[in-house]
There are 2 protein chains.
Amino acid sequence: MAVLYLIPVTLGECNVASVLPSALPEILRQTEHYIVENLRNARRFLKRCGAVSDLDRLTFFELNEHTDAGELSTFIEPLRHGFTMGLLSDAGCPGVADPGADIVRLAHKERFRVIPLVGPSSILLAMMASGMNGQNFAFNGYLPVKSDARTAKIKLMERRIYAESQSQAFIETPYRNLQLFDALLHTCQPQTRLCVAANLTLESEFICAMTVAEWRKAPIPDIGKQPAVFVLGT
Amino acid sequence: MAVLYLIPVTLGECNVASVLPSALPEILRQTEHYIVENLRNARRFLKRCGAVSDLDRLTFFELNEHTDAGELSTFIEPLRHGFTMGLLSDAGCPGVADPGADIVRLAHKERFRVIPLVGPSSILLAMMASGMNGQNFAFNGYLPVKSDARTAKIKLMERRIYAESQSQAFIETPYRNLQLFDALLHTCQPQTRLCVAANLTLESEFICAMTVAEWRKAPIPDIGKQPAVFVLGT
C-alpha cells in the first residue's frame, strides 16, 4: 500500500548526523514524490542528506501560504497511483507548528498509510530541556501581536500553569522575541518559571530556565533575531 | 563546563538506526555517569546502541517512583565535579510524559548546561500523524481512572477543541486502552476527529484518524495491551 512519510528537517545548518536517524537517507532514496514547503529549501535538504543522486527525477508539490486549498487533493495523486510520498517543511517536523496537517488529513481520508519519522522538533526539545511539567503541557503556537491581546493570553496561560499544572510553550517571530520577553517579565508573577530555548540543535544553542524574578535581575538574553521557544511553568 | 545530556530511548525493540541519530553513540561513549529510570533497561539500551565497551566502568543513579526526593540533589554530584552526565528513561524522551524533569530543574538551578538530544517521542509522532491542528495542542498525560472523572475530562478536552482550536493528546495504561476507547466513542460528538496511534516506530505500528461517527461503525482497533497515544481534534 502507498505510504506517506512525514519527514523531519534540520532546524538550520547543523550536522545532519546529530539530529536525523541514519536510516532516513535510505527512505529518501526510495521516494520520488514530495510535498514540500519551499522547493529550493527542499532540494537543498535532500542534497545535504546525501540521499538523492538525481534531483531532476523527483516530483515536487509546493505547500505554503500561496497554495490554493482546492488544489491540495491533487497533491496526493501519486499515492493514488501506488507511489510512496514524502511530506516535509522548511524546518522541524511536518504538521507540528508547521504546515502539512491538511495533507495528512487527506491521506487518512483515503486510508493511505501515514508514517511519522523521528527528527528534531524545537517544541519537544524545549519541553524536555525546560525541566517543567512534561506530563501536562500545551503548545500555543504564536501569541497575538497586539500588546493587550498578548498580555491577556500570557495571563490565561499563567492561570493554567497554576490551576491545572499545565506547562505552556509558545513561539514568536524572531524579530519580536525581545518584545515578547519583555512582556513576559512585566506580566508574569515573580515565582513563575520561564525557559528560553533558542537556536536549538545548533552550535549557538542557548537554553536557560529560571524564575521570572531571577530573569528580571539577569542580563537580557541574546535572542533578538534567533528562533526561540518559550516555556512557562512552575 | 559540565553538560547534562537528555537522551531519548527507543520505544521498544525497533531498529536503533531508524529512530536515533548516528551521532548518539559517540556522545554515549564519552559519558560515564547516568541517571536512569531502571538500571537493567538502561544497561540493555546502552549495549543495543553499541556505544559502550565496558559497562562496569559506568556509574548509574536510579530515578523512579521509589526514589527519595531528598536524594535527588546527590544524583548530579558528577556534574559538580565537571563530569558529563546522561539522563534517560525506559522509553521515549526524558521529561516528556516521563520522569526526569526534576533532575533537569536541579541542573538549571546550578547553571549546568542542559542539552536535549533528538529521538522518538510517541506524543510528537502521534501529533504529526494525526493530521489535526499542530499549531495549538495540549498533551494531557493520563486521564482519570474513575469513569465519571474521565468523562468530565473528555468533555473538557472536547470543549477546548471547538472553543480554542486546541487539539488534545492523551495516554492510558495499555490494559485500559479499550475502556478509554469505548468512553471516547460514547462521550464525544460524532463529527469530532479521533486519532489512535499505537506501537509507534515498531513493525506493528498502527495509526488511524477518522471521525467518532466513522469509528463507531469501524471494527474495534487491536490496542488492548499496546502502548497508544490518542488525539482528539476537529
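Everything numeric here is computed off the predicted structure, so don't read it as measured data. Labels below follow one simple rule: chain letters A, B, ... track the order of the sequence lines, proteins then strands, and each chain is numbered from 1.
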Between [options], which shows the greatest number of heavy-atom pairs under 4.5 Å with chain B?
options: Pro8(A), Ala17(A), Cys208(A), Ala107(A); answer: Ala17(A)
options: Gly134(A), Cys195(A), Pro120(A); answer: Gly134(A)
options: Ala169(A), Ala23(A), Ala129(A); answer: Ala129(A)

Only pairs of heavy atoms separated by less than 4.5 Å count here; which of [options] has the most with chain A?
options: Ala138(B), Gly119(B), Pro116(B); answer: Pro116(B)
options: Leu125(B), Leu200(B), Leu4(B); answer: Leu125(B)
options: Gly141(B), Ala101(B), Gly95(B); answer: Ala101(B)
options: Leu124(B), Ile123(B), Ile171(B); answer: Leu124(B)

Next item on the list: Indicate the atoms forming the closest heavy-atom contact of Pro94(B) with Met128(A), along with that distance.
Entry: O-CG, 3.7 Å

Notebook entry, point to check: Can you name the closest pair of heavy atoms from Val114(B) and Ile207(A) and give their distance?
Noted result: O-CD1, 3.5 Å

What would the table of donor-acceptor pairs between chain A and chain B look like if you include every N and O pair under 3.5 Å, whether backbone or side chain?
residue, atom, partner, partner atom, Å
Ala17(A), O, Ser22(B), N, 3.3
Ala17(A), O, Ala23(B), N, 3.1
Ser22(A), N, Ala17(B), O, 3.3
Ala23(A), N, Ala17(B), O, 3.1
Ala97(A), N, Gly134(B), O, 2.8
Asp98(A), O, Gln135(B), NE2, 3.3
Arg105(A), NE, Gly131(B), O, 3.4
Arg105(A), NH1, Thr234(B), O, 3.0
Arg105(A), NH2, Gly131(B), O, 2.9
Arg105(A), NH2, Thr234(B), O, 2.9
His108(A), NE2, Ala129(B), O, 2.6
Ala129(A), O, His108(B), NE2, 2.6
Gly131(A), O, Arg105(B), NE, 3.4
Gly131(A), O, Arg105(B), NH2, 3.0
Gly134(A), O, Ala97(B), N, 2.8
Gln135(A), O, Gly141(B), N, 3.2
Gln135(A), NE2, Asp98(B), O, 3.2
Phe137(A), N, Phe139(B), O, 3.0
Phe137(A), O, Phe139(B), N, 2.7
Phe139(A), N, Phe137(B), O, 2.7
Phe139(A), O, Phe137(B), N, 3.0
Gly141(A), N, Gln135(B), O, 3.2
Arg160(A), NH1, Glu164(B), OE1, 3.0
Arg160(A), NH2, Glu164(B), OE2, 2.6
Glu164(A), OE1, Arg160(B), NH1, 3.0
Glu164(A), OE2, Arg160(B), NH2, 2.6
Thr234(A), O, Arg105(B), NH1, 3.1
Thr234(A), O, Arg105(B), NH2, 2.9

Examine whether an atom of [X] lies under 4.5 Å from a heavy atom of chain B, and if so say whether it belongs to the side chain, the backbone or both; otherwise answer neither.
X: Ile115(A); result: both
X: Met210(A); result: side chain
X: Leu20(A); result: backbone

Next item on the list: Hey, can you tell me if Phe137(B) and Phe137(A) have their rings parallel, tilted or perpendicular (30° and 60° cut-offs)?
Entry: perpendicular

Check: What do you reckon, is CD1 of Ile220(B) surrounded by more than 12 foreign heavy atoms closer than 6.0 Å?
Finding: no

